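Naming convention: chains lettered A, B, ... in sequence-line order (proteins, then strands); numbering from 1 in each chain. Just so it is clear, the structure is predicted and the values come from calculations on it, not from any experiment.
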2 protein chains.
Amino acid sequence: MATIEDVARLAGLSRATVSRVINNHPYVTEEKRKSVQQAMEQLGYVPNSIARQLRTQTHETIGVLIPRLSNPFFSKLVDAMENIAAEVGFQLIVCQTKSQKERELLYLNWLKTRQVGGIIFASTENEWDVIKPYKEFGPIMFCNEYPPHTEAPIVCLDQLKGGYIGTKHLLERGHKKIAYCYAGSQFTNIRERYAGYKKALDEYGLPLNERWMFKDAYDTRDGKRIYHALMQQADRPTAVFTSSDEVALGMIAEAKRNGTAVPDDLAILGFDDQPIAELMDPAISTVYQPVEQIGITAIRMMIRFLRNQSVPVNEITELPLHLVVRHST
Amino acid sequence: MATIEDVARLAGLSRATVSRVINNHPYVTEEKRKSVQQAMEQLGYVPNSIARQLRTQTHETIGVLIPRLSNPFFSKLVDAMENIAAEVGFQLIVCQTKSQKERELLYLNWLKTRQVGGIIFASTENEWDVIKPYKEFGPIMFCNEYPPHTEAPIVCLDQLKGGYIGTKHLLERGHKKIAYCYAGSQFTNIRERYAGYKKALDEYGLPLNERWMFKDAYDTRDGKRIYHALMQQADRPTAVFTSSDEVALGMIAEAKRNGTAVPDDLAILGFDDQPIAELMDPAISTVYQPVEQIGITAIRMMIRFLRNQSVPVNEITELPLHLVVRHST
DNA sequence: AACAATTCTGAAATCGATTTCAACTCAGAT
DNA sequence: ATCTGAGTTGAAATCGATTTCAGAATTGTT
């Protein structure tokens with residue numbers, strides 16, 4: 001593997017001059033520039049990015065913290081981020097936290113060891129106070145979820161509105177008993193979505209029923225589980241506001257299998273608007289989330305921080321959601 | 001950010017001794033070891049992995065080349081790989097090639113720049129001759145797909161068997177006109193699957209009909225497209241061997257929407273056995289692929305190469321597939 | 001022709017670790 | 001008392017780049 005030293009020797013020049021050519025510095029005569037380029041070509045030389053990173057104290061790797069990659073919401077998010085990162089030569093490192101606090105901290109520590117230059121939390125279980133001390137080791141930002149009192153850049157979705165329009169839609173269809181599913185995460189803007197749900201109920205003068213709240217709703221299996229938990233109740237809801245299209249999917253499949261008509265016996269509202277939502281029978285009504293958009297916005301911001309070695313400002317960027325009405329409600 | 005120098009100074013010792021403590025070398029008195037550990041603790045010192053990588057010429061980052069992360073097959077694969085990598089402190093870098101040759105080469109170049117220590121191809125468009133020259137810059141291996149004449153470790157699935165058992169199942173159900181979908185990739189073991197399909201037809205003395213071959217079958221949209229292409233034909237197939245559960249999904253959704261009964265009018269076989277396959281109505285018959293298994297096997301092998309700085313041996317590890325019969329066939 | 005300003009170049013320092021090598025200490029053997 | 005060898009330590013070299021600084025070459029100005 002050729003080094004800058006080899007190139008310098010072959011071109012009969014110093015390492016400094018070769019470095020200047022590589023980095024397009026001025027003050028190199030055309031003649032020597034050519035000669036260096038030829039030597040690089042001849043040796044198949046490519047600068048060693050490790051050495052460069054050490055010397056310049058810069059970074060081109062970004063850690064993205066997500067619960068699991070096989071969750072379509074997050075794989076879509078990372079997909080969008082990677083496209084942008086690749087355009088400018090940055091690398092994305094997958095960090096699956098499994099929604100565990102300790103694993104989040106493990107990956108956060110990679111900032112200290114310089115294994116990543118910056119970190120984007122796409123989900124989080126830790127409180128801000130725990131994360132905050134790591135700020136001095138590199139840019140940290142949040143995309144999608146964030147703990148309360150966060151002092152870091154945030155790119156997120158208007159979950160309050162999401163909860164509100166989803167619930168309102170069900171109310172307008174005449175439902176008065178609306179169950180609500182949520183993922184287990186204690187913080188995050190999911191609480192905002194819940195606030196939107198409450199707000200809509202309030203407007204219709206309806207009370208909140210604790211027995212219709214279902215937690216740990218992540219995937220299709222949870223959907224099935226919740227379907228049964230729900231049907232067992234004496235005072236059954238007539239509609240469910242699920243936490244994701246996967247949950248809605250599992251629920252619908254199980255409902256059909258058990259002879260529960262959707263939406264007549266039970267209306268089911270998804271969340272995300274994944275391709276599959278449109279393909280189900282009945283097609284799933286859902287709340288569209290611009291996943292790619294938040295991913296792109298967040299990664300662009302992070303790249304700007306790393307490029308300029310600038311300190312992140314604590315601004316919050318909120319993108320809108322909208323309702324997609326199909327046939328499951 | 002504290003460096004080894006700071007620790008040495010605080011402990012009143014040399015950098016060498018501190019390094020010995022960090023790396024658990026023998027020949028350090030217990031007294032000094034304690035004193036170094038205390039200094040590290042006090043300064044919150046963590047070794048800089050960039051500096052370490054430069055000096056030791058080792059790597060702990062692995063690039064995984066996939067077409068797209070939002071394809072569930074690949075997100076599941078990377079998911080499994082990341083779990084293992086994280087256990088031993090290795091980092092996984094997502095490289096989405098979009099099935100483009102140039103992008104594969106772009107990422108392959110990261111071996112030269114030392115942005116990754118090794119590369120796992122989970123899909124590939126380039127011929128082996130094009131990839132081969134990069135072998136000298138770090139371990140390269142294949143997981144799932146591989147070009148012909150590959151001289152590198154391969155972990156894959158018995159696609160020949162997959163094609164065979166899938167087709168045979170349809171034949172046994174009495175189908176004589178079986179369409180076949182495949183992804184566009186020109187090489188890869190997908191050709192093996194096709195060979196299995198042909199083998200089964202051969203055994204039943206049935207000819208191959210070129211008009212029933214559909215390429216570029218990747219996702220649900222392709223499934224819809226192919227459904228229509230297929231129904232337009234005068235001499236229509238009665239069964240389809242799709243290239244993935246997503247394709248089968250799109251096809252089934254479109255069939256139902258157009259009044260085609262599945263499986264009575266058209267039997268549809270998936271591939272992968274994703275969670276969704278079981279949830280569809282009708283539930284999708286499919287060929288189960290042990291995705292996690294090949295991911296785990298491949299990443300373990302790669303970590304071994306990087307740890308021992310050993311040259312990969314060109315062995316091929318083939319894992320079995322099996323049929324899952326549900327209601328779409 | 002003398003001087004200043006600009007352009008160009010390389011030696012050496014630097015980033016933060018690991019590793020080599022020489023030297024030094026201290027038992028135990030002769 | 002001397003020698004040997006194992007244990008222990010630090011100075012200096014090293015990995016492969018970038019950057020500083022000083023000096024040389026060239027150009028422009030009076």
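- Evaluation of the salt bridge (charged side-chain N to carboxylate O under 4.0 Å, His left out) rule for A/Glu5 yields A/Arg9, A/Arg15 as partners, not counting sequence neighbours.
- Rounded to 10 degrees, the angle separating the terminal axes of the helix from C/dA1-D/dT30 to C/dT30-D/dA1 is 60°, with each axis obtained from five end pairs.
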Just distance, no hydrogens or angles: give the donor-acceptor pairs under 3.5 Å from side chains in residues 20-32 of chain B, sequence neighbours left out.
unit_1	atom_1	unit_2	atom_2	d
B/Asn23	ND2	B/Ser19	O	2.9
B/Asn23	ND2	B/Ser19	OG	3.4

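- Contacts with DNA chain C (heavy atom under 4.0 Å) in residues 2-24 of chain A: A/Leu13, A/Ser14, A/Arg15, A/Ala16, A/Thr17, A/Arg20, listed by number.
- Remark: B/Thr17 pairs with B/Ser14 by the side chain to side chain donor-acceptor pair (under 3.5 Å) rule, at least two apart or across chains.
- Remark: B/Asn71 engages B/Phe73, B/Phe74, B/Glu246 in a side chain to side chain contact (heavy atoms under 4.5 Å, CB included) (not counting sequence neighbours).
- Remark: A/Gln100 engages A/Lys98, A/Glu102, A/Arg103 in a side chain to side chain contact (heavy atoms under 4.5 Å, CB included) (not counting sequence neighbours).
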For residues 292-307 of chain B, please give each side-chain donor-acceptor pair under 3.5 Å, one per line with the distance, not counting sequence neighbours.
unit_1	atom_1	unit_2	atom_2	d
B/Thr297	OG1	B/Gln293	O	2.7

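- Scored by the side chain to side chain contact (heavy atoms under 4.5 Å, CB included) test, A/Ser35 finds A/Ala11, A/Leu13 as partners (sequence neighbours excluded).
- Residue B/Thr61 comes nearest to B/Val116 through the heavy atom pair OG1-CA, 3.3 Å, listed as atom of the first residue, atom of the second, then distance.
- Residues B/Leu111 and B/Gly117 approach most closely at CD2-O, 3.6 Å, considering heavy atoms.
- Bracketed by its first and final contacts, the part of DNA chain C lying under 4.0 Å from non-hydrogen atoms of chain A reaches from C/dT7 to C/dG16 in 5' to 3' order.
- Looking only at atom types and distance, the side chain of B/Asn314 has no donor-acceptor partner in the side chain of B/Glu151 under 3.5 Å away.
- Every pair tested for side chain to side chain donor-acceptor pair (under 3.5 Å) that includes a residue from residues 41-52 of chain A fails, sequence neighbours excluded, so the list is empty.
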Check nucleotides 4-8 of chain D against the protein and report each pair of N or O atoms closer than 3.5 Å, with its distance, or say if there are none.
unit_1	atom_1	unit_2	atom_2	d
D/dG7	OP2	B/Tyr27	OH	2.5

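- Here the closest non-hydrogen pair linking B/Trp128 and B/Pro148 is CB-O, 3.7 Å.
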